[in-house]
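Taking it in order: structure first as structure tokens, then the write-up.
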Amino acid sequence: MNELIPGLNSNLLTNQPQDVATTVQLLILLTILSLAPSILILMTSFTRIVIVLSFVRTALSTQQMPPNQVIVGLALFLTFFIMAPVFGHVNHDAVQPYLKGNLSQKQALVKAEGPFKEFMAKETRTKDLDLFLDYGHYKKPDSIQHIPLSALVPAYAISELKTAFQMGFMIFIPFLIIDMVVASVMMAMGMMMVPPVLISLPFKILLFVMVDGWYLIVKSLLAGYS
């Protein structure tokens, strides 16, 4: 094992502390990589975007169109687009200095937290943040940089969920009106056996296409983070 990975000692019972430190650092790195999807979902704009896009599909009643792969893929690319400035600051302030040896691992992690904290704090409601600060018995932070991530991340997540559901509600309204109108007309015509959704679906798709719905949805998502 030592020949394949220099500096790695699979035996923690050693008289050389640096070998133990290297092994522990590798284990920590593997743990962080396994949590990367959760970090992407909860600390970026991905949560709001994927929920809003899912609401659009549900409101249109198009079942699996667009497919989940398309929705998740579009959400990922929009997330990378929105988070590009944050990733740029992290790369400039933390990653590159660490790779050049100008920062220790701990200092790089502290530097990397800064841009994410600023982004999340901007989108987090004070009420949600106070909930976790009070429950965790944290002191009121003097600045954004002093907010603990253990409180900021869940507060940001539930704030994003509320915003996403608010946008989803607004998306549902016009399509709900179409469903109600079609159902009323079919009831008046005595067409009880035909599902109203089957008749209203073409009208909802036509409305969505005529107003350029995907453009408006994406524009609203981008504007929410401007």
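Just so you know, these numbers come straight off a predicted model, no measurement behind them.
- Other residues, nucleotides and ligands contribute only 12 or fewer heavy atoms inside 6.0 Å of the CZ atom of Phe203.
- One hydrophobic cluster holds both Trp214 and Leu76 under the rule that ILVMFWY side chains link at heavy-atom gaps under 4.5 Å.
- In terms of modelled atom types and a separation under 3.5 Å, the side chain of Lys204 and the main chain of Ala59 share a donor-acceptor contact.
- If you take CD1 on Ile171 and CG on Leu53, they are separated by 8.0 Å, rounding to the nearest 0.5 Å.
- Between Ser45 and Phe80, every side-chain heavy-atom pair lies at or beyond the 4.5 Å cut-off.
- In summary, the aromatic rings of Phe55 and Phe169 are positioned with their centroids too far apart to meet the 6.0 Å limit.
- Taking hydrophobic clusters as Ile, Leu, Val, Met, Phe, Trp and Tyr residues chained together by side-chain heavy-atom distances below 4.5 Å, Val52 does not share a cluster with Leu176.
- Between Phe208 and Phe175, the angle of the ring planes lies from 30° to 60°, which puts this pair in the tilted group.
- Two residues are said to be in side-chain contact when any heavy atoms from C-beta on lie closer than 4.5 Å; Phe116 and Met83 meet this criterion.
- No donor-acceptor pair closer than 3.5 Å links the side chain of Thr124 to the backbone N or O of Ala155.
- Between the CG atom in Leu129 and the CD1 atom in Ile147 there is a gap of 5.0 Å [rounded to 0.5 Å].
- In this structure the side chain of Gln166 reaches within 4.5 angstrom of the side chain of Lys162, judged on heavy atoms.
- In terms of hydrophobic clustering, with Ile, Leu, Val, Met, Phe, Trp and Tyr side chains grouped at heavy-atom distances under 4.5 Å, Phe81 and Leu74 are assigned to a common cluster.
- Inter-residue side-chain proximity for Leu133 and Lys140 is flagged as unmet; no heavy-atom pair is nearer than 4.5 Å.
- Two rings, from Phe132 and Tyr138, have their centers 6.0 Å or more apart.
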Self-check item: Test log, rule side-chain contact (heavy atoms from CB on, under 4.5 Å), inputs Met167 and Leu221
Solution: CA-CA 9 Å; Met167 296 181 67; Leu221 288 170; 3.8 Å; yes
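- Both tests hold for Arg48 against Tyr225: distance to the six-membered ring centre under 6.0 Å, angle to the ring axis within 45°.
- For the pair Arg57/Asn68, a side-chain contact is recorded, criterion being any heavy-atom separation below 4.5 Å from C-beta on.
- Scanning all heavy atoms of the two residues, the minimum distance from Val50 to Ser54 falls at O-OG, 2.8 Å.
- Salt-bridge formation is detected for the pair Arg125/Asp128: a Lys NZ or Arg NE/NH1/NH2 atom is positioned less than 4.0 Å from an Asp or Glu carboxylate oxygen.
- Ile217 and Phe165 fall within the same hydrophobic cluster, where Ile, Leu, Val, Met, Phe, Trp and Tyr residues are linked whenever their side-chain heavy atoms come under 4.5 Å apart, directly or through other members.
- Annotation: the span from Leu60 atom CG to Ile178 atom CD1 amounts to 9.0 Å, rounded to 0.5 Å.
- The two residues Glu123 and Glu160 make their nearest non-hydrogen contact at CB-OE2, 4.0 Å.
- Tyr135 contributes no side-chain N or O that, together with a main-chain N or O of Asp130, makes up a donor-acceptor pair within less than 3.5 Å.
- At a threshold of 4.5 Å between side-chain heavy atoms, the hydrophobic network of Ile, Leu, Val, Met, Phe, Trp and Tyr places Val70 and Met65 in two separate groups.
- With rounding to the nearest 0.5 Å, the separation of CG in Leu201 from CG in Leu206 is 11.0 Å.
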Exercise. Report the C-alpha separation of Met120 and Leu149 in whole Å, then their side-chain angles, then the decisive distance to 0.1 Å, and conclude whether the side-chain contact (heavy atoms from CB on, under 4.5 Å) test is met.
Key: CA-CA 10 Å; Met120 290 188 291; Leu149 283 176; 3.9 Å; yes
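- Across all non-hydrogen atoms, the minimal contact from Pro115 to His89 is CG-CB, 3.7 Å.
- Of all non-hydrogen atoms in Ala157 and Leu42, the two that sit nearest each other are CB-CD2, 4.0 Å.
- With values rounded to the nearest 0.5 angstrom, Ile41 atom CD1 is found 10.0 Å from Thr79 atom OG1.
- Under the 4.5 Å side-chain criterion, counting only non-hydrogen atoms from C-beta, Ile144 is not in contact with Lys122.
- With contacts defined as side-chain heavy-atom distances shorter than 4.5 Å, the pair Ile82/Ile49 qualifies.
- If you take CD1 on Ile205 and CE on Met210, they are separated by 14.0 Å, rounding to the nearest 0.5 Å.
- Residues Phe46 and Val72 meet the side-chain proximity criterion, which asks for heavy atoms closer than 4.5 Å.
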